[in-house]
Amino acid sequence: MPQSNNIKSKFSLFSTSRGNSELALIVSLLVVITIFSFMSEYFLTVRNLTNVLGQASIIMALAMGVAIVLISGEVDISVGSVVAAVAIPLVEIMNATDSLMLGIAGALALGLMIGAINGYLSAYLRINSLIVTLGTLFIIRGFVYLYTGKRPIADTGYLENFFQLGSGRFLDILPNPALVAGIIVIFFIFIMRHTRFGRRIYAVGSNAEVASLAGYNVRRLRFYCFIICSLLASVGGILLSSRLGSAIHTAGMGYEFQAIAAVVLGGVSLAGGIGSLFGVMLGVLILAFVSNGLGMINLPTEWQLVITGLVIIAAVALDAFKKKSR
Amino acid sequence: MTELNIADPTNTSVPVLSVSGLTKKFPGVLALDDVSIEVRSGEVLAIIGENGAGKSTLIKMLAGVYKPDGGTIAINGEVQNYASPADALKAGTKVVFQEIALIPEFTVAENIFLESHLITRIGTIDWPEIRRRARDIFERAGFALDPDAKVGDLSISQQQLVEISRALAHDAKLVIMDEPTSSLTPLEVRHLFEVIERLKSLGIAIIYVSHKLEEIFEISDRCTILRDGKWISTQPTSSHTNDSLIKDMVGRSIDDLFPRSERKFGDTVVQVDGLYTHNRLDNISFNVRAGEVLGFFGLMGAGRTELAKAIVGYDPISAGSIKINGNLLSPHSTIKSKSLGLGLLSEDRKEEGLMMDANVTRNMTLSALQKFTRGGFVNAAAETKTAQSFVDRFRIKLAKLGQPIRTLSGGNQQKVLLSRWLMYGLEVIVLDEPTRGIDVGAKTEIFALIDELASQGLAVILMTSEMPELLGLSDRICVLAEGKITATFETSNVTQEEILDAAIQ
């Protein structure tokens, strides 16, 4: 059968390229770093490189969550608003109790609630998750505006550990947010590769019917993915807030798309079931270093937007090409 | 789980599967009505019946996908109450569905343990153990599979072996195969049959569902026939003849599978000269007259589908010309071919023919929509009326025109596709494997339909790999081998041997 032969050869081509995709991302990252180190003498310094890791940490947390939801075959674009929303209970509770831990607990509780709503509507009621999370993206942002009156809520207690969380450095080198992001990355890479839960998410995203025949509770698995995503977005929100020292109503705007861009660039298929979190991490770092490098060579931020846009399209085109070759 | 469950073949007192009085109702239909069957260890029971006879309903209940409305399913004498497919598997029933239920991105080994990844003491996945057990199974079953290969890279027949390995990994006592050969090459079918023999020797009971009667005769020990959801008979297969099987399936004997009316040939409608494509076709020339059926026969990979797609402008050609009634097909596109009155009935109904979720009317009027449109608005009443007239004319079985096309049987879907082109008003129709996946009774109806179209003056180009279909329908036969026409015959004076001879050149 000639068709099946064609498909077969394409399949193997596809899988080879997939096996090499992480390598390709590592190479791309090194190329980006090399180019910018020639263009700016300040780029390749420990200070700058660790700064980039710090700056990337928030998108990193978001991207891990978005990637897990995408791998499960759904999508969550509400994360940008979650970032702004969770800062409110964080700062308010800290101001009232002088406890960072209670503030974080409040922030995570709100994130958990948002994730449960997204997950319930998408996974259990089977409403298209793009629409659900587009809706919650607006709704949450609206409530943030209403609550804050579009004014920042400052951290009035000046908690030292809150300041340290955002601006301190681990061993005087690595920014603490980067450390948090790194732990998250390693933890979820492990979960996705080496636990039943992780492998089941891949199976569900690849073919929900097959997964269901294998006895998986597809809805519950997807529900959990939305919760994880929202919790990770909350971590991103907490980190951002600790860097800013306040809850800001415009925080995290557009982050959802930066996260999705990084996720797709990192090799996660928009159709679900394909991609690794290690690749996603590389995707985030590439975008972060490109953005930092362009800043270093004094390219106006307007151009940085244009280039980020180009990278997003290139990444999605890559995804379409992958799907075609399947 | 490491031990393959080898049932004692001398212990035949309790059947592996015994189904009694199984009944399933769907709104408005009694899909399965009081069906009882038994399968014993090491036995192959074939289940045959036309589409809609209740085969898939029965399988889905055995697999735990549907819950029965009445009757019982017992495995080794124990009555089962499945809440999900996972329960059926636990009880020892593994279904190899037509649409293979594997995750293409996962390795062979991981797919085998998809239901429940083996884990280490600390709860992480035990990859070495998964690989080791997979290798064990391959060794016992005699499969040449690589545990680390990606399932998506495997052929369909290898994927079937993975499914069967999954059955072995779960100590399955009963393996159900639903149309397992529908996408296999003849060689792969041979391998599958060897695997089935192997499973039999392991004491596994097998239910084999197929449309292909030759396979039933070859592989099954007994044979159950279902019709309209009812049990008709269960007999040793050897006591059946081809005719008796068909008679029981359709409830009447088919004396003439291929009705043929007097055909009068008109002028040449299709003229193809020196056609080449990049990948396969090599200097193809032929012509077809009005009212004539030109059959193209070829083995796998001979280029039938490629030719069909090239003629209608779907696939690009590198040289040659196609003329319809003297008009050149140029530019080479389906838009142009449609305007010249040339259309293709694809072999792949689901992917290239039907909009599966759209209703019958939408599917039928797709090509002819212009005829019901005035000033940009579709006249729904006229559309429905015309659709209904085709439903009546072709005896398309459906509850209502508004039902999604996916709920129709394969034969009726094919009739809807034929209607689509006839409504548009074709002069030439290219049929690529028009009866693939269609059961015997409906096949006859499709044959009659094709005959009727030809007798009304349509030029028909028929691509087929089935010899009876070729001989029964065609007026002339072109044999394809490796993209070339190796012989052309008048059907009236050719033998099957001559055709095959030309096909394997």
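A quick note: this is a predicted structure, and the numbers were derived from the prediction, not measured. Every chain is numbered from 1 and lettered A, B, ... according to where its sequence line falls, protein lines coming before strand lines.
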- Query: With side chains defined as the heavy atoms from C-beta onward, is the minimum distance between B:P104 and A:S206 less than 4.5 Å?
  - Reply: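 Contact flag for B:P104/A:S206 side chains = yes.
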
Pick one of side chain, backbone, both or neither for [X], based on which atoms fall under 4.5 Å of a heavy atom in chain A.
X: B:V65; value: side chain
X: B:S84; value: neither
X: B:I156; value: neither

ask   = Above 12 or not: heavy atoms from other molecules or residues under 6.0 Å from CG of B:N81?
value =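 Atom CG in B:N81 is not crowded, with 12 or fewer foreign heavy atoms closer than 6.0 Å.
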
Item to complete: Give a yes or no on this: more than 12 heavy atoms of other residues, nucleotides or ligands lie within 6.0 Å of atom CE of B:M356.
Response: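 Counting other residues, nucleotides and ligands, CE of B:M356 exceeds 12 neighbours.
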
Residue by residue, which of residues 213-220 of chain A have a heavy atom closer than 4.5 Å to a heavy atom belonging to chain B?
->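 Under the 4.5 Å heavy-atom cut-off, A:L213, A:A214, A:G215, A:Y216 qualify.
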
What pair of heavy atoms forms the shortest contact from [X] to [Y], and how long is it?
X: B:W127; Y: A:H194; value: NE1-ND1, 3.2 Å
X: A:V210; Y: B:I100; value: CG2-O, 4.4 Å
X: B:I125; Y: A:R193; value: CD1-O, 4.5 Å
X: A:R196; Y: B:I119; value: NE-CG2, 3.7 Å

> How many angstroms lie between atom CG of B:L114 and atom CZ of A:R200, to the nearest 0.5 angstrom?
Replying inline: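 It comes to 8.5 Å.
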
*Enter the distance from A:T195:OG1 to B:I122:CD1 here, rounded to the nearest 0.5 Å.*
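If I round to the nearest 0.5 Å, the distance is 11.0 Å.
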
Under 4.5 Å from a heavy atom of chain B, the part of A:F197 involved: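 A:F197 has no heavy atom closer than 4.5 Å to chain B.
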
